[in-house]
*Asks:* 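Please read through the structure below; I'll follow up with questions.
Both ligands and their constituent atoms are indexed starting at 1 by order of listing.
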Amino acid sequence: MRVGRRLLLAAPALLVARTAAALELDGTLTQGALVVGRGVPGARAALNGRALRVSPEGAFAFGFGRDAPGSATLELKPRQAPPETHLLHVAARQYEEQRISGLPPAQVTPPPETMERIRREQAMLNAARAHDTPGANFAGGFIWPASGRISGVYGSRRILNGEPRAPHLGLDIAAPTGTPVAAAAGGIVRLAQPDFYFTGGSIVLDHGHTVMTFYIHLSRLLVRDGQEVGQGESIGLVGATGRVTGPHLHLGLFWAGTALDAALVLPGRGQPP
Ligand SMILES: [Zn+2]
């Protein structure tokens with residue numbers, strides 16, 4: 001419990017907590033955060049009762065969604081130490097409001113005949129993000145997939161052509177069409193589709209343990225489904241496909257299908273180089 005209090009004081013700054021079992025937690029304990037645990041090879045771990053995959057080196061990951069409640073329970077059963085329970089305080093965030101006008105009406109309220117297509121594409125995205133792969137590429141950190149001006153942030157409430165819509169759950173980097181997009185971390189391509197209704201040219205990369213990055217509105221894809229890519233490798237080109245008002249890369253980060261804030265894991269406090 002002493003550790004739990006330290007985590008509380010550390011939030012929302014970068015935290016590194018050590019426990020009897022040599023556990024380290026890397027991340028900001030806030031809504032939208034990906035947290036990477038290390039140092040517990042052979043341990044079993046669970047967040048709020050949900051079992052977490054632990055790599056042979058002792059790394060694991062968990063995350064908190066946009067509206068995650070203020071506390072979470074991390075249970076750890078180390079191989080040769082008593083079980084530990086850590087109460088994590090999850091800091092609440094304030095989200096911006098983003099108004100976008102001038103979208104084609106069909107992009108704000110899709111025509112009924114496209115609903116079947118949208119459902120099918122959503123199911124493909126959900127299936128891609130459901131993989132739970134043993135590799136732990138997420139533990140090596142993330143790099144910016146492209147540089148450019150940040151034109152949209154995680155969590156913002158969206159008003160599209162004056163109508164309230166679902167919040168924006170990615171990070172938008174404005175860059176010219178054709179700008180190369182690099183893999184933010186090594187992984188396996190779980191989806192590579194050139195033309196989805198909302199997301200246009202779309203790629204899902206699997207970094208292990210259900211941690212995924214998502215790259216959309218691409219003008220061109222340079223990878224295929226199932227392909228392994230290294231960190232920094234070009235996977236596609238920036239574009240303006242799907243529901244957009246101009247060329248940009250929308251970068252998403254997911255854990256266990258929950259959208260997280262990629263800006264919190266990228267170097268430079270959310271500003272690209
Ligand atoms: Zn976006």
*Asks:* Under a 4.0 Å N-O cut-off, is there an ion pair linking Arg93 with Asp261?
*Replies:* yes
*Asks:* Quick one: report the N, O or S atom of His250 that is nearest to the Zn ion (ligand 1).
*Replies:* ND1
*Asks:* Tell me whether His248 has at least one N, O or S atom under 2.8 Å from the Zn ion (ligand 1).
*Replies:* no
*Asks:* If I take atom CG from residue Leu249 and atom CH2 from residue Trp144, how far apart are they, to the nearest 0.5 angstrom?
*Replies:* 10.0 Å
*Asks:* Between Arg119 and Glu121, is there a salt bridge with N-O shorter than 4.0 Å?
*Replies:* no
*Asks:* At less than 2.8 Å, would any N/O/S atom of His217, backbone or side chain, sit next to the Zn ion (ligand 1)?
*Replies:* no
*Asks:* What does the angle at the Zn ion (ligand 1) come to, between atom OD2 of Asp172 and atom NE2 of His168, rounded to 10°?
*Replies:* 80°
*Asks:* Taking the side chain as C-beta and beyond, is there a heavy-atom pair between Gln227 and Glu233 under 4.5 Å?
*Replies:* yes
